[in-house]
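To start, the structure itself, in structure tokens.
Each residue takes its place number in the sequence, starting with 1.
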Amino acid sequence: MELVQIQRRLVDYTKSLFMEGFLDAQFLQLQQLQDDSNPDFVFEVVSLFFEDSEKLLNELTIALDQPNVDFKKLDSHVHQLKGSSSSIGAQRVKNACIAFRNYCDVQNIEGCLTCLQQVKQECYLVKNKFETLFRLEQQIMASGGSVPTIELGF
């Protein structure tokens with residue numbers, strides 16, 4: 001595929017992630033922190049998010065499987081996941097965490113279990129979206145091009 005076509009595909013794909021609510025403006029801010037001295041910054045931060053989120057999701061699963069659920073501890077884990085998802089602009093994960101925290105507040109186990117599945121699903125989906133995004137960026141760099149800057153004026 002020609003470089004210009006890959007760049008166009010990346011721009012269109014990124015815009016679709018915003019329009020579908022997967023990403024928000026925080027992701028653009030994260031991208032602005034990347035420069036020539038740290039060209040893999042966004043990839044590294046997002047990778048760390050997924051490593052941490054996997055651990056948190058496991059802890060949430062274990063916490064909800066206890067005979068006496070510690071809702072304060074549960075809420076703490078969800079709060080941490082909400083904050084880290086917000087920091088990379090993973091809007092749908094963040095929103096699912098907000099709903100999850102509401103069920104923690106009222107100590108609703110069934111609601112928490114449903115939200116845990118929703119958060120897991122959103123993490124899985126956004127991880128796949130990021131993998132595609134990074135693959136397109138790698139194709140552009142391998143072709144000797146530069147990754148186009150995305151503006152939110154669409």
So which heavy atom on [X] is nearest to which on [Y], and how close?
| X | Y | answer |
| --- | --- | --- |
| P39 | D36 | CD-O, 3.4 Å |
| L3 | S143 | CD1-CB, 3.9 Å |
| V119 | F100 | CG2-CD1, 4.0 Å |
| A99 | C115 | C-SG, 3.9 Å |
| C104 | C112 | N-SG, 3.7 Å |
| F50 | C123 | CE2-O, 3.6 Å |

Answer yes or no: are there more than 12 heavy-atom neighbours, outside Y124 itself, under 6.0 Å from its atom OH?
no

Can you confirm whether Y103 is buried at OH, in the sense that more than 12 heavy atoms of other residues, nucleotides or ligands lie under 6.0 Å from that atom?
no

Please name all residues satisfying side chain to side chain donor-acceptor pair (under 3.5 Å) with S37, sequence neighbours left out, ordered by chain then number.
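Side chain to side chain donor-acceptor pair (under 3.5 Å) list for S37, sorted by chain: D35.
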
K129: partners by side chain to side chain donor-acceptor pair (under 3.5 Å), with sequence neighbours left out
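Scan of K129 (side chain to side chain donor-acceptor pair (under 3.5 Å), adjacent residues dropped) gives none.
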
Does [X] use its side chain to pair, donor to acceptor, with the backbone of [Y] at less than 3.5 Å?
| X | Y | result |
| --- | --- | --- |
| Q26 | I88 | no |
| Q118 | A96 | no |
| Q66 | I62 | yes |

Name all pairs fulfilling the side-chain hydrogen bond (donor to acceptor under 3.5 Å, both in side chains) condition that reach into residues 42-59, sequence neighbours left out, sorted by first residue then second.
E59-H77

So side-chain hydrogen bond (donor to acceptor under 3.5 Å, both in side chains) across residues 82-96, not counting sequence neighbours, yields R92-E122

How many angstroms lie between [atom1] in [X] and [atom2] in [Y], if you round to the nearest 0.5 Å?
| X | Y | atom1 | atom2 | answer |
| --- | --- | --- | --- | --- |
| D40 | M141 | CG | CE | 8.5 Å |
| L23 | L17 | CG | CG | 5.0 Å |
| L48 | F43 | CG | CZ | 10.0 Å |
| C97 | L81 | SG | CG | 4.0 Å |
| D24 | F18 | CG | CZ | 7.0 Å |
| Q138 | L133 | CD | CG | 10.0 Å |

How would you list, by chain and number, every residue that makes a side chain to side chain contact (heavy atoms under 4.5 Å, CB included) with [X], sequence neighbours excluded?
| X | value |
| --- | --- |
| P148 | Q7, L10, V11, I140 |
| N102 | I98, D105 |
| E131 | K127, N128, R135 |
| L113 | L64, I109, E110 |

I'd like to check the salt bridge (charged side-chain N to carboxylate O under 4.0 Å, His left out) partners of D12; sequence neighbours left out, ordered by chain and number.
R8

Taking L136 as the starting point, is it possible to reach V4 by hopping between hydrophobic residues whose side chains are less than 4.5 Å apart?
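They do not share one cluster, since no chain of ILVMFWY contacts under 4.5 Å joins V4 to L136.
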
With the 4.5 Å side-chain cut-off for hydrophobic clustering, are V78 and V106 part of the same group?
no

Going by the rule ring-ring contact (aromatic ring centres under 6.0 Å, His included), which residues pair with F27 if we only count those two or more places apart in sequence or in a different chain?
F130

Sorted by first residue and then second, give each salt bridge (Lys or Arg N to Asp or Glu O under 4.0 Å) pair with at least one member in residues 65-79; sequence neighbours left out.
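Sorted result for residues 65-79: D75-R101.
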
For residues V45 and V42, determine if any side-chain heavy atom of one lies less than 4.5 Å from a side-chain heavy atom of the other.
no

Minimum side-chain heavy-atom gap F22-S16 below 4.5 Å:
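They are not in contact (no side-chain heavy atoms under 4.5 Å apart), so the answer is no.
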
Start with the C-alpha distance between Q31 and T149, add both sets of side-chain angles, then the distance that settles side chain to side chain contact (heavy atoms under 4.5 Å, CB included), and finish with yes or no.
CA-CA 9 Å; Q31 285 184 314; T149 305; over 6 Å; no

Kindly indicate, with the supporting measurements, whether the criterion side chain to side chain contact (heavy atoms under 4.5 Å, CB included) is fulfilled by L57 and L116.
CA-CA 8 Å; L57 290 170; L116 175 60; 4.1 Å; yes

